[in-house]
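Presented below is the structure to which this report refers.
If you read the sequence from its start, that first residue is 1, and numbering goes on from there.
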Amino acid sequence: MAERERKGLVARWLEGKERSEEYARSTLPTSRWALFWDIFKGRFWKLVLVNLLVLLTFLPLFGIIFWRSVSIAAQGLAGPFGAGLGIGYPALPDLIGVGESMVLQADLFFYALMIPAAILAGLGISGGMYIIRNMIWTEGIFVANDFARGIKRNFWNVTEAVLIFMVVFYTVNIMGDFANLLIASGAGSTGWLIASQVVGYVFLGLAILVCLWMISLGVNYKQGPWALFRNAVMMTVGTIIQTVVFAAVALLPFIIMFLTGGTNIFFVIALMLVVFFAFSYAMLVWMSFSQWAFDRFVNPQMGYTVGKGLYDKNRTPAQKAAESAAESAALREYKRQIVAQGRSKLVCRPIKPIDDDLEIYQLPESFSRDDLRRLKESKQAVADDVAAFEEEHKNDEQYVEYNRQFDERERALQEEEGGGKKKKKKAPTPPKMLNKRK
């Protein structure tokens, strides 16, 4: 028995697993977690690039948040709270509820201004989620092109989710500010007012979960606005525990940044993550979880491929046959498109190369009948020369082979379609949840 060749550390490192004897397809990702880690390691810099593109669309929203904070802080310094210090003159005898009223007035303006800024941020979400989905499906990506294509395909679905969230966000925060004003003014029913705030924030949390599902559903499937919202509610309720956990994991950098409030080192770390990686990380975590849920609850009912992007080492012969049938259908569709476009005029026949032997007669500014005759003769000479070249080379191997393959493809496709019409069955009715995959 021959001994296995022993290689040095540097040789093994340069060659990698793909050239080693132990390499097999079973080393490919077989679970969503393994695929997440594989993307994180192998496409890290593409994730950073996607994050920067998404961050550009979020800059107006972050600017408004910063503007609001500075504005409220400035009012607290220069308003009636500084009475007796020169800035706050004249002094007000009663400051009860003044601070809460200022916050309410500021939020009415700034939170309304955040709505169009959030719609602009939806552009980045649309493009980024599309790229992340293609990464999870292990498809080739071009960041700039796919980012623009994702905006074109998913903008309206994402806009619907963003508008729903921003309307809920605006309502909950304004009602919370109003409740704080009533409590500070001593209007009574303090317990009910606090309870209403708690209920409002719970409702806002549910809106976040529903909108996350709306975005992932909109990126994966084609559906109408009402169906998108209904299906998102169904997925949220059906997977509420997993949804809460993975939403918290996905949004962890943003949670850390807003909870620290810019007062310690954790805020700086979270801010750096937001700049370089937080958006891509959140999309990758959420889309990985979404694909797991779709594989478990949606794709089997719809007849779509389960575990797309994963290697299933336990595939049965029936599954392999189904995949082969799907690939054959795709190949058949590709051939049908080629046949429908017809023969290429540049490949199916000889074309005489351009040379200077024959030229078209140029008419002078003042021409006669003799000039017109010479022009006609020169054109006819060029046409005859082209026809003679085509007749001379029409039996060349490249043209004969191309026409033969095209005829065979056209004939085989016609035979398949003719034989398939007799065996064609009625397509199954899709479930009510979803209609079509993108």
Taking every non-hydrogen atom, the tightest pair across [X] and [Y]:
X: Pro116; Y: Ala112; value: CD-O, 3.3 Å
X: Ile125; Y: Met283; value: CA-CE, 3.9 Å
X: Ala248; Y: Ile255; value: O-CD1, 4.0 Å
X: Asn154; Y: Gly218; value: OD1-O, 3.7 Å
X: Ser101; Y: Leu181; value: N-CD1, 3.9 Å
X: Leu193; Y: Ile183; value: CD1-CG1, 3.6 Å

Let me check something: any side-chain donor-acceptor pairs from residues 162-175 under 3.5 Å, sequence neighbours excluded? List them with distances.
residue : atom : partner : partner atom : Å
Tyr170  : OH   : Leu108  : O            : 3.4
Thr171  : OG1  : Val167  : O            : 2.8
Asn173  : ND2  : Phe169  : O            : 2.7

Margin query: Applying ring-ring contact (aromatic ring centres under 6.0 Å, His included), can you list everything that pairs with Phe110, at least two apart in sequence or on another chain?
Written below: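 Applying ring-ring contact (aromatic ring centres under 6.0 Å, His included) to Phe110 gives Trp67.
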Next item on the list: Return the set of residues passing ring-ring contact (aromatic ring centres under 6.0 Å, His included) with Trp156 (not counting sequence neighbours), or none when no residue passes.
Entry: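 By the ring-ring contact (aromatic ring centres under 6.0 Å, His included) rule, Trp156 matches no residue at all.
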Checklist line | Stepwise side-chain contact (heavy atoms from CB on, under 4.5 Å) check, Asp177 with Glu100 | finding: CA-CA 7 Å; Asp177 292 343; Glu100 288 76 9; over 6 Å; no
Next item on the list: Applying side-chain contact (heavy atoms from CB on, under 4.5 Å), run through Leu35 and Met135 and close with a yes or a no.
Entry: CA-CA 9 Å; Leu35 182 59; Met135 285 185 179; over 6 Å; no
At what distance, to the nearest 0.5 angstrom, does [atom1] of [X] lie from [atom2] of [Y]?
X: Trp286; Y: Ile132; atom1: CH2; atom2: CD1; value: 15.0 Å
X: Leu56; Y: Phe147; atom1: CG; atom2: CZ; value: 8.0 Å
X: Ile64; Y: Leu113; atom1: CD1; atom2: CG; value: 4.0 Å
X: Asn134; Y: Met287; atom1: CG; atom2: CE; value: 9.0 Å
X: Leu53; Y: Ile151; atom1: CG; atom2: CD1; value: 8.5 Å
X: Ser290; Y: Arg133; atom1: OG; atom2: CZ; value: 12.5 Å

Notebook entry, point to check: Residues two or more places apart in sequence or in another chain: which of them pass side chain to side chain donor-acceptor pair (under 3.5 Å) with Arg32?
Noted result: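 Expected list: Asp295.
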Check: For Asp107, which residues count as a salt bridge (Lys or Arg N to Asp or Glu O under 4.0 Å) partner, sequence neighbours excluded?
Finding: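 If we apply the salt bridge (Lys or Arg N to Asp or Glu O under 4.0 Å) test to Asp107, skipping adjacent residues, the hits are Arg68.
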Next item on the list: Check salt bridge (Lys or Arg N to Asp or Glu O under 4.0 Å) between Arg296 and all other residues, then give those that pass, not counting sequence neighbours.
Entry: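 Not a single residue meets the salt bridge (Lys or Arg N to Asp or Glu O under 4.0 Å) criterion with Arg296.
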Margin query: Assess the residue pair Tyr221 and Val298 against the criterion (side-chain contact (heavy atoms from CB on, under 4.5 Å)); give the C-alpha distance rounded to whole Å, side-chain angles, the decisive distance to 0.1 Å, and a yes or no.
Written below: CA-CA 11 Å; Tyr221 305 96; Val298 180; 3.5 Å; yes
Check: Are Val244 and Ile241 close enough, and set up right, to give a side-chain contact (heavy atoms from CB on, under 4.5 Å), and what steps lead you there?
Finding: CA-CA 5 Å; Val244 171; Ile241 298 177; over 6 Å; no
Heavy-atom side-chain proximity of [X] to [Y] below 4.5 angstrom:
X: Leu47; Y: Asn51; value: no
X: Val143; Y: Ile131; value: yes
X: Leu217; Y: Asn157; value: no
X: Trp137; Y: Asn220; value: yes

Side chain to side chain contact (heavy atoms under 4.5 Å, CB included) partners for [X], two or more places apart:
X: Trp45; value: Val48
X: Val199; value: none
X: Ala161; value: Cys211, Met214, Ile215

If you look only at distance, which donor and acceptor atoms sit under 3.5 Å apart when one is on a side chain in residues 271-279 and the other is two or more places apart or in another chain?
none

Next item on the list: Provide the full list of side chain to side chain donor-acceptor pair (under 3.5 Å) pairs with a residue in residues 192-213, sequence neighbours left out, each pair given once.
Entry: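 Non-adjacent pairs meeting side chain to side chain donor-acceptor pair (under 3.5 Å): Asn180-Gln197, Trp213-Thr243.
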Next item on the list: Write out all pairs satisfying side chain to side chain donor-acceptor pair (under 3.5 Å) with one or both partners inside residues 275-285, taking only residues at least two apart or from two chains.
Entry: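 Those involving residues 275-285 do not exist here.
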Next item on the list: Look at atom CZ of Phe62 and say whether more than 12 heavy atoms of other residues, nucleotides or ligands are closer to it than 6.0 Å.
Entry: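 Enclosed.
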